[in-house]
Structures are given as structure tokens and as C-alpha cells.
Amino acid sequence: MSTATRSEFDRGIALTRHPEEAGRYEAELGAGWQIGGGVNGGLLLAVAGHALSLEHGQHPDPVSISGYYLSASTPGPATVRTEVLRTGRGLSTGTASLSQDGVERLRVVASHGDLAADDGEVRTTATPPQLPPPDQCIGVEHAPRQLIEQAALLERFDLRLDPATVGWALGQPSGNGRIQGWFRLADGRDPDPLLLLLVADALPPVTFDLGLPGWAPTVELTVHLRARPAPGWLRVVHSTRNVAGGYFEEDAEVWDEAGRLVAQSRQLARVPR
């Protein structure tokens with residue numbers, strides 16, 4: 001069974017079920033999703049989350065998913081092995097392991113549900129980031145050449161960054177540890193829960209805004225999905241408050257076109273060398 005479709009993202013997370021081994025899927029990690037020394041961590045989390053979505057059936061959407069990055073993934077074939085730990089009425093929980101050539105790259109634990117069935121009352125004090133309209137923000141085409149050279153995945157995105165948070169691109173980082181902007185895929189595919197896993201790790205590392213450019217490898221990434229996103233642009237904000245011992249946390253919020261907070265995440269990453 002193949003799950004490939006026309007969108008670059010769908011091709012990037014496409015899986016083929018192994019004909020003999022239950023819970024096993026084969027994937028092909030594309031070079032277009034590279035950043036720094038490996039394939040983007042959000043894309044890898046989406047691949048593993050996709051495999052678990054297929055296994056859980058009636059619970060297609062990741063609700064809470066955590067990934068531990070054990071080694072850098074490279075473009076090429078990958079294998080995802082899943083195990084369903086529990087199936088309940090509202091949630092199913094399982095694990096997934098993504099490996100290449102027998103080397104484990106990513107280990108995931110996740111609970112899946114049906115976000116369409118949980119669209120009840122919302123109580124929140126959170127507010128979406130205030131951004132200029134997309135046409136008044138800074139597109140990827142204006143990114144520094146050194147960033148484009150180490151981040152092929154940016155060509156897959158229509159990313160418009162808030163001018164107030166891109167001083168680092170001019171050699172003038174604010175020191176606030178905050179980057180925010182508008183996001184959508186360059187090929188026009190509408191967002192869904194699996195895409196939100198990529199979006200949570202899509203912006204440049206917030207360490208850029210601290211004057212620390214370079215690849216920031218993810219150690220662990222957890223994403224909580226709160227609703228299925230409406231079609232259109234997503235507003236994304238990444239921030240950090242603590243850099244210590246060679247590591248930093250990066251908190252993210254993702255808001256949809258309807259003004260709904262659809263995903264929250266936190267990751268621990270290494271400070272760029």
C-alpha cells in the first residue's frame with residue numbers, strides 16, 4: 001500500500017506498508033527536506049506520526065507526540081516500525097522507531113485521536129502573534145545565502161517573517177530570542193494535523209535572534225495538537241528564554257487562518273557550534 005500524492009509534503013511523508021511484517025512501513029527521505037547536517041526533525045516526526053495514524057485507524061490525528069532524535073537522518077530509504085500499546089474509545093497510544101541501514105534515527109511515543117470529534121468549547125487566554133500582512137513581511141527569497149545553502153527545505157515553504165524579528169539577517173540580532181511569521185507550503189497544500197508537526201520545527205532556530213547562527217540539532221521535540229487547522233495561512237511564533245549548558249529550549253505556537261491555536265510545541269536543541 002502506497003500513500004504517495006501530488007504535494008511535495010505528502011510525497012515526503014509517503015509510506016509503503018511492508019507485505020509481511022505487521023506495523024512496518026518503508027519511506028524515502030528526500031534531499032529537499034534537509035537542514036544543516038540532516039533531514040528536518042519536523043518532517044521526520046510527521047513521517048512517524050503518519051505511520052501511527054495508519055495503524056490507529058479510527059484515531060487518525062496525533063494529539064500529543066514526542067520524538068527523541070538519536071542520530072542525524074540523511075536522504076534515502078528509511079524504515080518505520082510501529083507498536084500499538086493501547087486502543088481506547090477516545091485515544092490510541094503507540095510507539096514508532098525510524099531507522100536507516102539498521103541505525104535508529106528517531107524514537108516516538110504518541111497518542112492519537114480524532115480532532116474533528118473534539119471540537120467543543122474553547123477557553124483560552126492565549127492570543128495570536130500580531131504580524132503585518134504577509135505581503136509586508138520578509139520572504140525566503142531575502143534570506144541570507146548561508147541560510148539557504150544549509151536549509152534546502154526552505155524552498156518547499158512560502159515563509160514570510162515579521163520584519164521586527166529578522167534583524168539577525170542583517171547582522172543585528174535583537175537578543176530577544178523570538179522569531180515569528182506566516183507559513184504555508186509553496187505548492188499550496190492546505191494544512192492538516194500532520195503538516196502541523198512539520199510547522200512546529202519550520203522556522204529558523206531562535207538562536208539566530210541571539211546572535212548564534214548555524215544548525216541547531218534537535219534533541220527532543222514534543223507537539224500538542226489542539227484542533228484541525230482551517231485552510232490558508234498559519235501564524236507561527238518561536239521563542240526561547242533560557243540558553244544554558246550548550247542547550248536551549250524552543251517554544252512554538254501555531255495559529256490558523258480562523259484565529260484558532262491549533263498546535264503548541266517545545267523542543268530541546270543544541271546551541272549551534
Side-chain angles (χ1 to χ4, degrees), residues 1-35 37-117 152-153 156 185 187 189 192-198 200-201 217-223 225 228:
M1 180 192 72
S2 176
T3 59
T5 65
R6 289 178 295 175
S7 167
E8 281 198 86
F9 174 71
D10 291 310
R11 293 197 299 270
I13 66 169
L15 297 167
T16 300
R17 191 186 297 271
H18 193 275
E20 299 177 358
E21 184 178 336
R24 173 177 170 176
Y25 297 86
E26 305 301 328
E28 184 71 25
L29 304 180
W33 298 101
Q34 283 185 283
I35 180 169
V39 176
N40 173 259
L43 189 280
L44 297 175
L45 198 65
V47 171
H50 185 199
L52 286 169
S53 293
L54 295 174
E55 286 296 299
H56 291 315
Q58 63 178 337
H59 296 144
D61 303 321
V63 174
S64 178
I65 182 167
S66 296
Y68 290 82
Y69 296 83
L70 307 179
S71 57
S73 297
T74 57
T79 297
V80 183
R81 288 182 170 88
T82 64
E83 180 183 1
V84 176
L85 303 178
R86 179 183 182 276
T87 300
R89 285 187 294 180
L91 286 176
S92 294
T93 300
T95 64
S97 172
L98 186 151
S99 63
Q100 293 183 297
D101 296 324
V103 178
E104 189 171 22
R105 306 297 195 190
L106 172 67
R107 179 69 64 91
V108 165
V109 178
S111 290
H112 279 55
D114 184 352
L115 292 173
L153 83 166
R156 322 272 85 74
L185 286 177
D187 62 15
R189 181 195 189 276
D192 64 8
L194 288 175
L195 179 61
L196 295 179
L197 302 182
L198 169 67
D201 193 38
T218 301
V219 176
E220 186 269 347
L221 171 60
T222 294
V223 184
L225 292 100
R228 288 186 178 179

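Start at 1 with the first residue, then count along the sequence. It should be emphasised that the depicted structure is a prediction, and the values quoted were computed from it without experimental measurement.
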TODO: Compute whether any side-chain donor of one residue and acceptor of the other, for S99 and E104, lie under 3.5 angstrom apart.
DONE: no

Task: Any side-chain heavy-atom pair of L45 and Y69 under 4.5 Å - done: yes

- [ ] Look at the side chain of R24 and the backbone N and O of E20, then say whether any donor-acceptor pair between them is shorter than 3.5 Å.
- [x] no

Task: Minimum-distance pair of heavy atoms, taken over all atoms of V39 and P75 - done: CG2-N, 4.0 Å

Open item on the list: Looking only at side-chain N and O atoms, does T222 offer a donor or acceptor that is under 3.5 Å from a partner on E220?
Closed with: yes

TODO: With rounding to the nearest 0.5 Å, note down the distance linking CG in L198 to CG in L185.
DONE: 7.0 Å

- [ ] Over all heavy atoms of both residues, which pair between G67 and V108 is shortest? Give the atoms and the distance, please.
- [x] CA-CG2, 4.0 Å

- [ ] With rounding to the nearest 0.5 Å, note down the distance linking OG1 in T74 to CD in Q100.
- [x] 4.0 Å

Open item on the list: I need the minimum non-hydrogen distance between A51 and T82, along with the two atoms involved.
Closed with: CB-CG2, 3.8 Å

- [ ] List the atom of L15, the atom of A27, and the distance in Å for their closest heavy-atom pair.
- [x] CD2-CB, 3.8 Å

- [ ] Determine whether Y68 and L106 make a side-chain contact, defined as any pair of heavy atoms from C-beta on separated by less than 4.5 Å.
- [x] no

TODO: Flag the pair V223 / P62 as yes when at least one side-chain heavy-atom distance between them is below 4.5 Å, and no otherwise.
DONE: no

Open item on the list: Let me confirm one number: the CD-OG distance from Q58 to S92, rounded to the nearest 0.5 Å.
Closed with: 6.0 Å

Task: Any donor-acceptor N or O pair under 3.5 Å, side chains E26, T79 - done: yes

Open item on the list: What's the separation between atom CG in L194 and atom CG in D61, rounded to the nearest 0.5 Å?
Closed with: 7.5 Å

- [ ] Identify whether the distance between the nearest side-chain nitrogen and carboxylate oxygen of E55 and R17 falls below 4.0 Å.
- [x] yes

TODO: Tell me, with the steps shown, if W33 and R156 meet side-chain contact (heavy atoms from CB on, under 4.5 Å).
DONE: CA-CA 8 Å; W33 298 101; R156 322 272 85 74; 3.8 Å; yes

Open item on the list: For a 4.5 angstrom cut-off between non-hydrogen side-chain atoms, does L29 reach L44?
Closed with: yes

Task: Spacing of CG belonging to N40 relative to CG belonging to D201, to within rounding of 0.5 Å - done: 4.5 Å

- [ ] Return the minimal non-hydrogen interatomic distance between L98 and A78, and the atom names on each side.
- [x] CD2-CB, 4.1 Å

Open item on the list: Between L115 and L225, is there a side-chain heavy-atom distance shorter than 4.5 Å?
Closed with: yes

- [ ] Enter the distance from H50:NE2 to D10:CG here, rounded to the nearest 0.5 Å.
- [x] 8.0 Å

Task: Intermediate values then yes/no, side-chain contact (heavy atoms from CB on, under 4.5 Å), L70 and R105 - done: CA-CA 5 Å; L70 307 179; R105 306 297 195 190; over 6 Å; no

TODO: May I ask you to test the F9-L195 pair for a side-chain heavy-atom distance under 4.5 Å?
DONE: yes

Task: Donor-acceptor pair between H112 and S53 side chains, under 3.5 angstrom - done: yes

Task: Carboxylate-amine/guanidinium proximity below 4.0 Å for R81 and E21 - done: yes

- [ ] May I ask you to decide whether R228 forms a salt bridge with D114, counting only side-chain N to carboxylate O separations under 4.0 Å?
- [x] yes

TODO: Can you see which heavy atom on G12 is nearest to which on L43, and at what distance?
DONE: O-CD1, 4.0 Å

- [ ] Verify the distance criterion only: is there a donor paired with an acceptor across the side chains of S111 and T93 at less than 3.5 Å?
- [x] yes

